[in-house]
Colleague: 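Please read through the structure below; I'll follow up with questions.
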Amino acid sequence: MEPAEPPVPPSALPKPAPKPPAPKAEAKAPPAPPGPPDQAPPDDLARPDYLAPLEQACPGGVSQVSYWVGDWTLIVPRDRLVEVATWLRDTPESRFDFCSDLTAVDWPPRAERFDLVYCLYSVPHRRRVRLKVRLKDGEAAPSVTGIWPAANWFEREVFDMFGIRFDGHPDLRRILMPDDWQGHPQRKDYPLEGPGELLLEDPLEWLKLRNAAREAEFE
Amino acid sequence: MGQIRTETMTVNMGPQHPSTHGVLRLVLELDGENVVSASTTIGYLHTGIEKTAEQKKWQQVIPLVERMDYLSAQSNSLAFVTSVEKLLGLDLPDRVKWIRVLLAELQRINSHLVWLGTHVMDLGAVSVMLYCFRERELLLNINEMIAGFRMFPSYIRVGGLREDLPAEFHETVRAFLDRMPEKLADYERLLTKNQIFRKRTHGVGYISKEDAVAWGLVGPIARSSGVQYDVRRAFPYLVYDKIDFEVPVRTEGDVYARYLLRLVEMRESLKICRQALDRITPRGEWAVDDPRITPPPKDKVYTEMEALIQHFLIYSQGFTVPAGEAAVPIEGPRGEQAFYVVSDGSNRPWRVKSRGPSFFACQAMPTYLIGALIADVVAIIGSTDIVLGDVDR
């Protein structure tokens, strides 16, 4: 029977090479996407019948038409939105009398940072369409509460979550967050862990505290 | 002697009021017993689910969305996965579609039972609540059977189901379906011709068809006002175009009409469930055959290298979804439900937006409260069947 090997003293072991400093977290993150694809419809696809009269009635009202997995999207310039929306609701060919959803999507690297998305439904024709308005940060959108009363709370929600203002909205207040909240949570640059209690009182204090905590983490 | 001075009185109802079924605050202005104005405050249950969902992988979002509308968990997950599957371009096996139909309809009965119980309890009929919860218990047992979780099973997954149906699933569901019609008749015997119940609900909380459309009301509220809109008929999803069922529509638009309509809906759901159960084989496909999305069977993971790699990739990185956006509406217990899902081509959603029917019902609340008596407010709120978890998200 062989004698057991004497234990190696720890000093004799080769020392591990010092680890290279970990790359910063920012460098690892993939670049933010530039925005939704907004594909053009295939040529052999029939366009919905309300499109041609719409383009005739509001020239320049639709800047782009896109089609993706069965859904039509009309991209509308901001200043033409009310005109196009009124036409879509009132004309017998379209009759989109039902505002089914209104939301926004944040694409930070893009110059026109926000997509406002309106999902419309027509009860008599049983079909849907999506309107999209592109907005820069700080730009206000026209309110559609006069066209669809149901848009009222949705516009408040978009204002609350993204900080997009709506011109002509009767009562633009925060709806889900408390009235004295700072910042707009659904923006992509808003931290997931929330601003903490301090932000409610003084955003600058909070920023200092957060930076200090980060530096402590790196050391 | 001077004139008697009258003034309106402001009453704060909620946020902790039992009849709001959640945390809703109403500020009512009263002239005597009549409501002159009403304003609603929401947001007490806001949990930032939409923000959280942006940090999760696609499959991990399902438990989150199930907790939005906590009375119709499986309808929420069905709406979410249908949108994601549309972006992925998946074609599901027929058996999965039928199982999903069955689960969605059982969920509708489940939600309507809770609604009926709590609504009539607000009006003083406490025993009906106990009966409704007795039957709901059976549905929760079915959930426990398929997934081990009673309220939020997370059984519907992107690409199919979590696993195959358990043994004795058919017998349990069949027993429930056979028991239910008789119990529904019991509830009706207690309520439909009950003078007290009729006086509390007949002609109360009227909403016109035009208002219902303008305020975006959907589901049983809209259909009881004469709006012919049921997503299962207007935009058939899954296999609803192959099923024989009626969509009840009434025109009275009051609380009593909503009660009658929901009872008919439960019967129709039972009819759909029976048709679905007959077509579901006890064993068979339970997920789409796509190695990107469906994890391989466990015995292969232990024996084959490729299966192990695939298993590891699915559970560590998840799958990616092609860039684009989709929103597929489905008919939940409270009406049209949709998740507007935006993907940037990665393994996490870029944006998830829930379009909940309760949000609209809550928004339109002043429309049907103004002019009502203060005693009827509770009846009206109950009849709209709002779930505040869905409103605040």
Side-chain angles (χ1 to χ4, degrees), chain A residues 30 32-39 66 68-71 73 89 97-107 115 117 119 121-128 130 132 147-154 156-158 160-161 171 173-179 181 185-188 190-192 194, chain B residues 39-48 50-52 54-55 83 86-89 209-218 222 227-229 231 233-235 322-329 336 338-340 342-346 350-351 353-356 359-360 362-364 367 391-393:
Chain A
D38 285 329
Q39 261 98 344
S66 92
W68 183 246
V69 289
D71 297 337
T73 305
R89 186 196 61 172
D97 48 2
F98 198 99
C99 179
S100 147
D101 201 357
L102 197 173
T103 184
V105 185
D106 187 7
W107 300 96
D115 269 344
V117 183
C119 296
Y121 170 62
S122 160
V123 178
H125 293 290
R126 290 191 175 186
R127 60 183 167 200
R128 304 177 161 271
R130 212 178 279 144
K132 235 186 227 183
I147 303 167
W148 299 286
N152 187 322
W153 274 20
F154 279 112
R156 278 177 68 186
E157 191 192 326
V158 169
D160 191 358
M161 292 291 149
D171 180 23
R173 284 180 292 133
R174 283 188 182 270
I175 183 165
L176 295 178
M177 307 303 283
D179 286 340
W181 195 261
Q186 285 278 1
R187 288 183 174 222
K188 288 282 174 185
Y190 187 90
L192 177 68
Chain B
S39 71
T40 340
T41 310
I42 61 166
Y44 295 99
L45 283 181
H46 179 62
T47 44
E50 288 173 7
K51 179 85 174 171
T52 316
E54 291 170 12
Q55 326 294 327
S83 295
K86 192 171 182 189
L87 280 179
L88 282 164
K209 187 179 174 184
E210 291 71 31
D211 276 348
V213 171
W215 287 103
L217 297 180
V218 287
V227 181
Q228 293 260 9
Y229 178 43
V231 188
R233 271 286 150 75
F235 304 98
E325 56 202 313
V328 187
E336 184 204 84
F339 280 87
Y340 176 66
V342 183
S343 170
D344 62 335
S346 72
W350 185 256
R351 174 102 170 91
K353 166 74 169 65
S354 150
R355 174 251 187 269
F359 194 76
F360 290 85
C362 206
Q363 174 175 217
T367 330
V391 177
D392 297 338
R393 303 185 294 280

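When reading the values below, keep in mind they use all heavy atoms of this one structure, side chains included, and skip hydrogens, waters and symmetry mates. Order of the sequence lines fixes the chain letters, A, B, ..., with proteins taken first and strands second; residue numbering starts at 1 for each chain.
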Colleague: Would you mind checking which part of A/Phe154 comes under 4.5 Å of any heavy atom in chain B, side chain (CB onward), backbone (N, CA, C, O), both or neither?
Modeller: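 Backbone plus side chain of A/Phe154, per the 4.5 Å heavy-atom cut-off to chain B.
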Colleague: Looking at NZ of B/Lys353 and SG of A/Cys119, how far apart are the two atoms once the value is rounded to the nearest 0.5 Å?
Modeller: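 The NZ atom of B/Lys353 sits 8.5 Å away from the SG atom of A/Cys119.
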Colleague: So for A/Pro185, is it side chain, backbone, both, or neither that comes closer than 4.5 Å to the heavy atoms of chain B?
Modeller: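 For A/Pro185, the contact with chain B is made by the backbone alone.
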Colleague: State the NE2-CZ distance between B/His46 and A/Arg174, to the nearest 0.5 angstrom.
Modeller: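 Output value for this atom pair is 10.0 Å.
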Colleague: In Å, rounded to the nearest 0.5 Å, how long is the span from OH of B/Tyr340 to OG1 of A/Thr103?
Modeller: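 That separation rounds to 7.5 Å.
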Colleague: Specify whether B/Phe359 and A/Trp153 have parallel, tilted or perpendicular ring planes, treating 30° as the upper limit for parallel and 60° as the lower limit for perpendicular.
Modeller: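 Perpendicular: the ring planes of B/Phe359 and A/Trp153 meet at over 60°.
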Colleague: Check each of B/Asp392, B/Thr47, B/Leu45 against A/Leu176 using the side chain to side chain contact (heavy atoms under 4.5 Å, CB included) test, and report the only one that passes.
Modeller: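 Among the candidates, only B/Asp392 passes.
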Colleague: Donor-acceptor check, side chain of B/Trp350 to backbone of A/Asp106, threshold 3.5 angstrom: yes or no?
Modeller: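 Here the side-chain-to-backbone pair exists.
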Colleague: Measure the CH2-CG distance between B/Trp215 and A/Asn152 for me, rounded to the nearest 0.5 Å.
Modeller: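 Answer for the CH2-CG pair, B/Trp215 versus A/Asn152, is 6.0 Å.
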Colleague: Is the CD atom of B/Gln55 crowded by more than 12 outside heavy atoms at less than 6.0 Å?
Modeller: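 Result for CD/B/Gln55: enclosed.
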Colleague: If we define contacts as heavy-atom pairs under 4.5 Å, which of A/Cys99, A/Gly70, A/Ser100, A/Pro178 has the most with chain B?
Modeller: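 If we count pairs closer than 4.5 Å to chain B, A/Ser100 comes out on top.
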Colleague: Give the intermediate values and the outcome of side chain to side chain contact (heavy atoms under 4.5 Å, CB included) for residues B/Lys51 and A/Met161.
Modeller: CA-CA 10 Å; B/Lys51 179 85 174 171; A/Met161 292 291 149; over 6 Å; no
Colleague: With rounding to the nearest 0.5 Å, note down the distance linking CZ in A/Arg126 to CZ in B/Arg233.
Modeller: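 Here the rounded value is 8.5 Å.
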Colleague: With chain A as the partner, which of B/Ala364, B/Ala327, B/Pro329 has the greatest number of non-hydrogen pairs under 4.5 Å?
Modeller: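 Of the options given, most contacts go to B/Pro329.
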Colleague: Given a strict heavy-atom distance threshold of 4.5 Å, which part of A/Ile147 is in contact with chain B: side chain, backbone, both, or neither?
Modeller: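 Neither; nothing under 4.5 Å.
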Colleague: Taking every non-hydrogen pair under 4.5 Å, which of B/Ala214, B/Gly43, B/Gly89 racks up the most with chain A?
Modeller: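 The answer is B/Ala214.
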Colleague: Of the non-hydrogen atoms in A/Asp71 and B/Ala326, which two are nearest, and what is the gap between them?
Modeller: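 Nearest pair, atom of A/Asp71 first, then B/Ala326: OD2-CA, 4.2 Å.
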Colleague: Counting heavy-atom pairs under 4.5 Å to chain B, which of A/Met177, A/Arg128, A/Glu157, A/Arg130 comes out on top?
Modeller: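 Heavy-atom pair counts peak at A/Arg128.
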Colleague: When you measure from the centre of the six-membered ring of A/Trp68, is the NZ or CZ of B/Lys86 under 6.0 Å away and within 45° of the axis?
Modeller: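 Checked: cation-pi criterion not met.
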Colleague: With rounding to the nearest 0.5 Å, note down the distance linking OH in A/Tyr121 to OH in B/Tyr229.
Modeller: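 Here the interatomic distance stands at 4.5 Å.
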Colleague: Test side chain to side chain contact (heavy atoms under 4.5 Å, CB included) on A/Arg156 and B/Gln363; report intermediate values, then the result.
Modeller: CA-CA 11 Å; A/Arg156 278 177 68 186; B/Gln363 174 175 217; over 6 Å; no
Colleague: Check this for me: B/Lys209, atom NZ, are more than 12 non-hydrogen atoms of other residues, nucleotides or ligands nearer than 6.0 Å?
Modeller: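 No, because the 6.0 Å sphere around NZ of B/Lys209 holds 12 heavy atoms or fewer from other groups.
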Colleague: So what's closer than 4.5 Å to chain B heavy atoms on A/Arg187: side chain, backbone, both or neither?
Modeller: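 Backbone only.
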Colleague: Side chain, backbone, both or neither: which part of B/Val342 has an atom under 4.5 Å from a heavy atom of chain A?
Modeller: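 For B/Val342, the contact with chain A is made by the side chain alone.
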